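Here the structure is a predicted model, which means the values were calculated and not measured.
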Amino acid sequence: MRVLVTGGAGYIGSHTVLALLAAGHEAVVVDNLSNSSEEALARLAELAGRPIPFTRLDLRDRDALGRVFDREAVDAVIHFAGDKAVGESVRVPLQYYDNNIASTVALCEVMRTRSVRTLVFSSSATVYGDPGPRLFVETMPLSPVSPYGWTKAMIEQILLDLVATGDGWDVTRLRYFNPIGAHPSGRIGEDPTGVPNNLLPFVSQVAIGQRPAVTVFGDDYDTVDGTGVRDYLHVSDLATGHVAALEHSAGPDSCEAYNLGRGHGSSVLQVIEAFRAASGREIAVRMAPRRPGDLAACWADPSKAQRVLGWTADHTLEEACVDTWRWQTANPNGYRAA
Ligand code: UD1
């Protein structure tokens, strides 16, 4: 298939481009580079051994997007592009609703006019919010707690409504848990701007000496060691999950949702210990109060993706830490050093 990847220069998008090519598909990237770098695309081309067609655009620019569809004759779309920082979404909700939702509506409109009806959407476990149980199953009601989470839940609803028109849309919603790791080559990886919000990039920057200590948000949760528990999965597994979703068509007028996770959790202290072992570096730790909005523990029930898509997340936490460390040491300033 020839696949348009929106946000293909970003962390998950870039790994998915490689997974698509490895599976024999073709990838075409659009990205506004608001939170990603053209250097990532250069490295993708280097890893792929050929250039990746790329257009810099904002998805809300329907004319520019339409021209990409006319030129590239794509069969399907994987849609990653969007703002993704939970804390920022609380401060500037309108930006999040406009950028994430308006761009998805524009994308779907352009797809409709070009008769492209196959879409894989990058949703998030954050749509579940705090439903009580720690094991998240696709059938649970959605109750996000941040504007970012609401944009994902609202887009899921928009896609359900679109499929309900009976116009033959084949949509897949993928709810990710916590992606970590990097490509084993060390050439592409996560490149956060400023202070990382997420645990792994922060730990990695402490290990390499760019930050003094990891702040652990809460050590009094009802968990194995008192720290928060999450379902961390390797970004390469997440990438193959997208290929599996694309290749498995549930048929026209479908809008299935799948959890992509490993099915068990690791605590903050377990993650730090795994990174210590992978890097051979000391990682200083500082205990701090709970971060507002955090859950104690959650992990995926990934059995639907296993059963229907034939997909599992096989990489271990340790492998993901080794790959993150390789990326971090080879690129201490991310793509900016290049
Ligand atoms: C966060 C987002 C989620 C998003 C996901 C993407 C929030 C509330 N949720 O999930 O919507 O889909 O990232 O990867 O931001 N921790 C520390 N110290 C740190 C950073 C994190 O102790 O410096 C802890 C957190 O309290 C949590 C765990 O590490 O227990 C994971 O945190 P994080 O990487 O931010 O992911 P989530 O909060 O699960």
Side-chain angles (χ1 to χ4, degrees), residues 11 35 83-92 124-126 129-130 134 145-149 176-182 186 189-235 261-262 264-300 315-337:
Y11 175 45
N35 191 28
D83 288 331
K84 60 168 190 173
V86 173
E88 183 184 53
S89 79
V90 175
R91 290 192 298 278
V92 289
S124 167
T126 205
D130 195 357
R134 294 172 168 204
V145 292
S146 70
Y148 164 72
Y176 317 152
F177 284 70
N178 292 58
I180 57 169
E190 188 170 12
D191 183 19
T193 38
V195 182
N197 295 306
N198 294 121
L199 179 63
L200 237 284
F202 201 102
V203 170
S204 181
Q205 292 188 3
V206 172
I208 204 163
Q210 292 176 349
R211 301 188 187 280
V214 180
T215 308
V216 176
F217 298 134
D219 62 356
D220 57 350
Y221 288 111
D222 179 19
T223 61
V224 57
D225 54 21
T227 65
V229 168
R230 296 289 183 278
D231 187 337
Y232 298 92
L233 78 160
H234 197 295
V235 66
R262 298 195 71 216
H264 57 84
S266 305
S267 74
V268 174
L269 292 179
Q270 287 167 341
V271 169
I272 293 171
E273 188 46 47
F275 208 89
R276 206 175 263 147
S279 63
R281 297 287 179 93
E282 267 318 299
I283 298 169
V285 164
R286 192 175 67 83
M287 295 300 170
R290 296 179 179 192
R291 183 171 67 177
D294 270 353
L295 309 183
C298 65
W299 55 88
H315 290 81
T316 61
L317 173 63
E318 288 70 25
E319 287 169 322
C321 290
V322 166
D323 287 338
T324 300
W325 183 238
R326 187 182 300 109
W327 156 254
Q328 178 73 71
T329 48
N331 309 272
N333 300 308
Y335 293 117
R336 283 172 297 284

Checklist entry - Does Ser266 reach the main-chain N or O of Gln270 with its side chain, forming a donor-acceptor pair under 3.5 Å? => result no
Next on the checklist: For the residue pair Asp225 / Ser267, report whether a side-chain donor-acceptor contact shorter than 3.5 Å exists.
Outcome noted: yes
Checklist entry - Can you check whether Tyr11 and Trp327 have ring centres sitting under 6.0 Å from each other? => result no
Checklist entry - Have His234 and Asp323 got a donor and an acceptor in their side chains that come within less than 3.5 Å? => result yes
Item to check | Nearest atoms (heavy-atom pairs only) where Ala274 meets Glu318 | outcome: CB-OE2, 4.3 Å
Item to check | Test: Glu88 and Arg91 ion pair at under 4.0 Å | outcome: no
Checklist entry - With a 4.5 Å heavy-atom cut-off, do Tyr232 and Phe177 have their side chains touching? => result no
Next on the checklist: To check you understand the geometry: which heavy-atom pair defines the closest contact between Gly261 and Ala300, and what is its length?
Outcome noted: CA-CB, 3.9 Å
Item to check | Shortest non-hydrogen contact from Ser124 toward Tyr148 | outcome: CB-OH, 3.9 Å
Item to check | Full working for side chain to side chain contact (heavy atoms under 4.5 Å, CB included) between Val216 and Arg291 | outcome: CA-CA 9 Å; Val216 176; Arg291 183 171 67 177; over 6 Å; no
Checklist entry - Val229 versus Cys298: any side-chain heavy-atom pair under 4.5 Å? => result no
Next on the checklist: For the OH atom of Tyr335 and the OG1 atom of Thr193, what is their distance to the nearest 0.5 Å?
Outcome noted: 13.0 Å
Checklist outcome for this item: Nearest heavy-atom approach of His264 to Trp299 is C-CB, 3.9 Å
Checklist entry - Are any non-hydrogen side-chain atoms of Val285 and Arg276 less than 4.5 angstrom apart? => result yes
Checklist entry - Is there a side chain to side chain contact (heavy atoms under 4.5 Å, CB included) between Thr329 and Trp325 once you walk through the steps? => result CA-CA 6 Å; Thr329 48; Trp325 183 238; 3.4 Å; yes
Checklist outcome for this item: Here the gap from Ser204 atom OG to Arg211 atom CZ, rounded to the nearest 0.5 Å, amounts to 11.0 Å
Next on the checklist: Using only atom types and a distance under 3.5 Å, with no angle test, would you say the side chain of Asp231 pairs donor to acceptor with the backbone of Arg262?
Outcome noted: yes
Checklist entry - With a 4.5 Å limit on heavy-atom distance, are the side chains of Lys84 and Asn35 in contact? => result yes
Item to check | Interatomic spacing from CZ in Arg290 to OG1 in Thr227 - rounded to 0.5 Å | outcome: 11.5 Å
Item to check | Distance, nearest 0.5 Å, that separates CZ of Arg336 from CG of Asn333 | outcome: 6.5 Å
Checklist entry - Atom CG in Leu269, atom CD1 in Ile283: separation rounded to 0.5 Å? => result 11.5 Å
Checklist entry - Counting distance only, does the side-chain N/O of Asp219 pair as donor-acceptor with the main-chain N or O of Met287 below 3.5 Å? => result no
Item to check | side chain to side chain contact (heavy atoms under 4.5 Å, CB included) evaluation trace for Asp294 with Tyr221 | outcome: CA-CA 11 Å; Asp294 270 353; Tyr221 288 111; 3.7 Å; yes
Checklist entry - Between Leu200 and Thr324, is any pair of side-chain heavy atoms under 4.5 Å apart? => result yes
Next on the checklist: Side chains of Leu199 and Ile180, heavy atoms from C-beta outward: is any pair under 4.5 Å?
Outcome noted: no
Checklist entry - Hey, what do you get for CG (Leu317) to CG (Leu233), rounding to the nearest 0.5 Å? => result 11.0 Å
Next on the checklist: A side-chain contact here means heavy atoms from C-beta on lying under 4.5 Å apart; do Glu190 and Val235 qualify?
Outcome noted: no
Checklist outcome for this item: Taking every heavy atom of Gly189 against every heavy atom of Ala182, the minimum-distance pair comes out as CA-CB, 3.9 Å
Checklist entry - For Ile208 and Arg281, which heavy atoms make the closest approach, and how far apart are they? => result CA-NH1, 4.0 Å
Next on the checklist: A side-chain contact here means heavy atoms from C-beta on lying under 4.5 Å apart; do Gln328 and Ser279 qualify?
Outcome noted: no
